[in-house]
Protein chains: 2
Amino acid sequence: MSWTLHPQLERDTLTLGDLPLGRVLLMNDANYPWLILVPRREGIVEIIDLEEADRTALMMEITQISRALRDGTRCDKLNVAALGNAVPQLHVHVIARFRGDAAGPNAVWGRAPAKPYAAGAQEALAAALRARLFLAERGA
Amino acid sequence: MSWTLHPQLERDTLTLGDLPLGRVLLMNDANYPWLILVPRREGIVEIIDLEEADRTALMMEITQISRALRDGTRCDKLNVAALGNAVPQLHVHVIARFRGDAAGPNAVWGRAPAKPYAAGAQEALAAALRARLFLAERGA
């Protein structure tokens, strides 16, 4: 059975591209630079449901996108989380946090509603992050 | 410089014991069976600040405690997260979630206030989880 991205993740994000294990997405929310890593493995809900080699790759890719995000945004803190309360398909949030951002000292979920990016701003951030991750835009 | 557990984590948890990298803690919150894994490495805030071997060990220990928690509680879902918005010392939450629990379909942070365990219940859960993780109580 072939893997397809969950429609809610498709709807809520812009695709940066594919690392060896995971697809990298940028959330449609200007409140925080917010990446999501989705292992392209059909039917996986939990990290512990992945094969051991895939868990190793997952940690490597979390590391890669965390560094790209921190270096690219100069954020104060990273939040890394696999929750899956709303969308069951395994996905890992990697969020750049800044002091005084829309969630303040709290976790981001259930706080500020998603804020649209200004025209071109999401694409510009996506391009900068793709360059750091050596990802090519699909179809480019 | 030697590692010490952050005082807020000390205050909010019961200690299960030490895996090779991390100390395993059980939150003082009966709303959810909630483990916290704290790598015993001084001054580390982010997962990407760990050495590569420690990141590998972290993924192995997240896997171990996730399995112990899922098998020991028969929960519906796991939440795994390294946030650090309140306590900067790197720590990973591994939370057993149930349909209809105190946070419902949401993330647990900033939802229900911590609920005390009934007398003996936290110690009983701790003992069951220690057995699954082959951990000895400190001083025992």
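Every chain is numbered from 1 and lettered A, B, ... according to where its sequence line falls, protein lines coming before strand lines.
Considering every non-hydrogen atom in both A:Met59 and B:Arg55, the closest pair reads CE-O, 3.5 Å.
Atom-to-atom distance recorded for A:Glu52:CD and B:Met60:CE is 7.0 Å, nearest 0.5 angstrom. Atom CD of A:Glu46 and atom CG of B:Asn79 lie 8.0 Å apart (nearest 0.5 Å). Taken from CD1 in A:Ile48 to CG in B:Leu69, the straight-line distance is 9.0 Å, to the nearest 0.5 Å.
Between chain A and the residues B:Thr56, B:Thr63, B:Leu58, the most heavy-atom pairs under 4.5 angstrom are made by B:Thr63.
Residues A:Val94 and B:Val45 do not share a hydrophobic cluster, defined by chaining ILVMFWY side chains whose heavy atoms lie under 4.5 Å apart. No path of Ile, Leu, Val, Met, Phe, Trp and Tyr side chains, each step under 4.5 Å between heavy atoms, connects A:Ile95 with A:Phe98, placing them in separate hydrophobic clusters. If you chain together hydrophobic residues whose side chains sit under 4.5 Å apart, B:Val87 and B:Leu25 fall into the same group.
Although no hydrogens or angles enter the test, the distance criterion places a donor-acceptor pair under 3.5 Å between the side chain of B:Lys77 and the main chain of A:Leu83.
Only the side chain of A:Arg97 comes within contact range of chain B, judged by heavy atoms closer than 4.5 Å. Neither the backbone nor the side chain of A:Val108 comes within contact range of chain B; no heavy atom of the residue lies under 4.5 Å from a heavy atom of that chain. Using a 4.5 Å cut-off between heavy atoms, A:Ile47 touches chain B through its side chain atoms alone.
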